[in-house]
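Okay, structure first, notes after.
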Amino acid sequence: MGQLNENDLVKIKDGVSFIPGASALVGPLNRIINWGRAGSIWPVTFGLACCAIEMMVAGSSTNDLDRFGIIFRASPRQADCLILAGTITKKMAPVIRRVYDQMPEPRYVLAMGSCACSGGLFDTYAVVQGGDNFLPVDVYIPGCPPRPEALIEGLITLQKKINQEQGRWSQLV
Amino acid sequence: MKIQYKPKRDLLETIIHLEILQGLALTLKKLFSKPITREYPGEMPPVYPGFRGQHALVRDPVSGTSKCIACLRCSQACPARCIRVKYHIDESNGSRIVDNYEIEALRCVYCGYCVEVCPVNAVTMTDIFEYSSTDRQSLHFDKERLLENWDHFTKSDSYERQSYVNPLWRPRGFPKSRLTASSRESVPKNRKIEKQFTGTKLGIKKNNKEAGGYNNLYPTHGEKNAH
Amino acid sequence: MSRKISFNCPVQAGDEDRYRIQMGPQHPATHGVLRVDLDLDGEIIRKCNPHVGYLHRGFEKLAEHRTYVQNLVLTDRLDYMAAMANNVGYCEAVEKLLAIEVPQRSRYLRTMVCEMARLASHLLWLATHALDIGAMTVFLYCFREREELLEIFAELCGSRLTNTYTRLGGVRQDVTHSIMMKLEKFVDSFPSNLEEYETLIDTNRIWLKRTIDVGTVGADEAVGLCLTGASLRGSGVDYDIRKHFPYAAYDFMDFEVPLGETGDTYARYRCRIEEMLQSNSILRQCIERMPPGPIIGDDAPDLIMPNKPGRKVEVDVPAQQSLIKLVEDRETFMEGDVYVATEVPKGELGFYFVSDGNGTPYRMHIRSPSFLHISALKTMAKGSMLADLIAIIGTLDVVLGECDR
Amino acid sequence: MESTGIIPRLEVSYPDDVLHSYQYCGQDVVLTRKKHILDICSFIRDQCAMNHLMFLCAVDNSRRKEAIGKNEYERFEVVYQFYSMTTKHSIRIRAQVPDDDCSIESITSLWPGADCLERECFDLMGIHFSSHPDLRRILMPEDWKGHPLRKEYPLRGIGEWAGYETLKEKSLELRTFDYRSSQKGNE
């Protein structure tokens, strides 16, 4: 194979190209890794309250999250995304944190619904006023509960955010 | 009513695994039926009038700003207490001028009480539900942002000027005599009022196929708005 | 237990078969955030200790600080699988306390949405119960029907799950023809869909092996454990609030209460399946007999209620005076206490109100069926196998939002 | 929800315990002292065939208008609602529990299902149930301070739960975490 021309490359995504016949990709490592990560978000099956039902609907046949490469994993060790679907109580908060700590890097947190975002209706003694008090929340999805489509939209927002990351992979090396 | 209990299964059925074969036949049959999956980002789910989505302040076409008169009924009715209205009183005529109108979308529980109690239909809930954000502050709507939401909503194809307030309920607690014509312009004058559904008259069960004609007789917004 | 036990290790040296393990709160089969503390002897559960409270949000305290109308929003979040039924239960209780009349049409509408909620809840129960036991396909099929119901809810009141549909003294908005057409289509097709589920699991030998004689509870024992709903009726006790204290329009409906005999998981499963058919027939009756009339009574309280007696909610804007001046001077509310129970999909949901004459409840106690079902788990799981615990949790049909409140 | 004849029978059998009885919204209510509550409950269960315990909860009377300044009311009360599935009668018992001796006999021996309800009363209202097999907090964490449903307890709580405090401290480390600074530390 002689000189590789720009035109020979098959462009897959902005900045990422495919070399025909060579089964290789060309592009900045960032983009390739982000592309891979954004295309395979694996959330933990971790329902807290009402929003968990809508999360299940999003995973069921009507909306089918598998289309986005999103597969629910029962174990936090295999997951890289935590969807806070429901009210976070103070008793539950340390458990959520423990689940989060078990997840491998890179990990992302989605706060789904009013309760997980800010406590919502429950401004009481038992409820944490927002998941971002003790977790770094990446995406906030408003709604009480959000439609399953809104959750998918939130996951797409997360994919966009992942695609803009720079050098997060280098932490793991 | 006692229910039938243990299912009976004879020897032959047990040997040939009849019930398992039946189940497999069902799933095989479903392989050829129409998929029910909605391809979401391309295909929108049906959203009906009165859907409780993103909030908006209605922009008055005359004055170009909000219709809100700062009566504070919305913030009193709000169970989550996420609405804050700041106003000052105009010295010349004593009316209230709204300085800022804030809705904390992340605390709101989308019950729709604020829309229901509003006497001038100033605040409304649009059928937009895709507004997740990576930033908390951007979901704390102030007056400008709420008016922008309205502009955004009026541009969307689901918007019908006549029915931005859910046409199916009437605000309660207001005698009709108190309502001026302009204050309720959101309820169109020439909108066809659908006849109330009653079971006996229509006899829905018996002639189900003929009943398909109801939609033509009484056009509803739900049918129109379905994407 | 007097012996000192540390986690995940043999209970006693030399007794290597006895283990204590934790299940939950993050476990796919605990239907939320339930944690179960298990003492095992090999595979056999010697002691089962459920820990709840991971979703305790302080409903009862919060209710004391909000008006009766605002508390309606709270009830959506109780049993979020059937929010409509909770709304109706709450409104029935408050209406009894405040002596508010409900028009006939809204009674029918309430019955209708209650039964829709029952179907939605039972479908979700069947889906997750089957998923826990190992039947994935049923999950997908059940959600197909549930989605239709949720879309009807969305068209009816603007929200899929947390409906806030009822109002004190009636309901929020009327049904349209298009909603009723959809509902009728659903009602027509539902029995055949139910047959599909039955084809998949009803006689399936794996399902039978995992449900028959699992979690058996006798009739007297079930009453003593305060079980209600289908969990009680599976043991053959005829107790259904819809028959015992009819509310909404259940007086006018013809339906039967399915009763099991053996009180095991399979009997409860059959009970719920039959209940779905009964609900379907009630829905059909609602559609056929829907009377005309107003949907909300004249004396229904406004959405803004004063929270102190005699206090007027007064808004006075001089410029728009004719439009805006609204005075709410509802008389002092009754003083007293009242308990009203309704039959929600999980069982008996009761609201106990103590009213002090204010616009806010002095004390609101929610008698939630799931909370008592969880307490029965201790007795029911004792002596069964570890794998059966999943089936027992599933068959009790607990929802933690209601359990912890 | 009527209870024809049960109240007179209760008054005859336990003259010292029954304080007074009334009917509200068609529901029969009996105010009793707490002393013989177990006997009263077993009387209701066995003699009156009330087999179903509908609910059990506690009420804080300290700010209740009808209770202030009346001798028969104490600071707390435990409310029982019983129902007979056969005769369809129901009755509500309000047992008065004074503030200084905040305990009452447990009825778990009669209804095993009362176990969780009594634990909830203990947890949220601080009423001690004697002879309860396993009286622990149920909804709140074990080391929670105070009883949330008491009237003097504020809605947002007093102080912060220790477990949540430590969690917040732990999460502060995460906030300041910066990839480059941590790399420098490793070098």
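Note that the structure is predicted; figures quoted are calculated from it, not measured. Below, read A as the first sequence line, B as the second, and so on, with proteins coming before strands; counting in each chain starts at 1.
Per-residue heavy-atom pair counts under 4.5 Å with chain B were compared for A:Pro146, A:Pro148, A:Pro145, A:Cys117, and the maximum is reached by A:Cys117. Per-residue counts of heavy-atom pairs under 4.5 Å with chain B were compared for A:Thr62, A:Asn63, A:Ile141, A:Val137; the largest is that of A:Thr62.
The 12-atom threshold is not exceeded at CZ of A:Arg98, counting heavy atoms of other residues, nucleotides or ligands nearer than 6.0 Å. Within 6.0 Å of atom NE2 in B:His140, more than 12 heavy atoms from other residues, nucleotides or ligands are found, so the atom counts as buried in its surroundings. Atom NZ of B:Lys86 is surrounded by 12 or fewer heavy atoms from other residues, nucleotides or ligands within 6.0 Å.
Shortest non-hydrogen contact noted between A:Tyr140 and B:Leu139 is CB-CD1, 3.9 Å. Of all heavy-atom pairs spanning A:Glu153 and B:Ser132, the tightest one is OE1-OG, 2.9 Å.
The backbone N or O of B:Glu130 sits nowhere less than 3.5 Å from a side-chain atom of A:Arg147 that would complete a donor-acceptor pair. Put simply, the side chain of B:Thr37 never gets that close to the backbone of A:Asp64: no donor and acceptor are under 3.5 Å apart. A donor-acceptor contact shorter than 3.5 Å links the side chain of B:Arg107 to the backbone of A:Gly120. Listed for the A:Ser118 side chain is a donor-acceptor partner under 3.5 Å among the backbone atoms of B:Leu106. The backbone N or O of B:Cys108 sits less than 3.5 Å from a side-chain atom of A:Ser114, completing a donor-acceptor pair.
Taking OG of B:Ser133 as the reference point, atom CG of A:Asp138 lies at 11.5 Å (rounded to 0.5 Å).
The side-chain contact (heavy atoms from CB on, under 4.5 Å) test with A:Pro142 is passed by exactly one of B:Phe141, B:Phe129, B:Tyr110: B:Tyr110.
Residue contact with chain A, scored on non-hydrogen atoms closer than 4.5 Å, involves the backbone and the side chain of B:Glu39 alike. With a 4.5 Å cut-off on non-hydrogen atoms, A:Leu110 does not touch chain B at all.
Using a 4.0 Å cut-off between a side-chain N of Lys or Arg and a carboxylate O of Asp or Glu, B:Arg136 and A:Asp132 qualify as a salt bridge.
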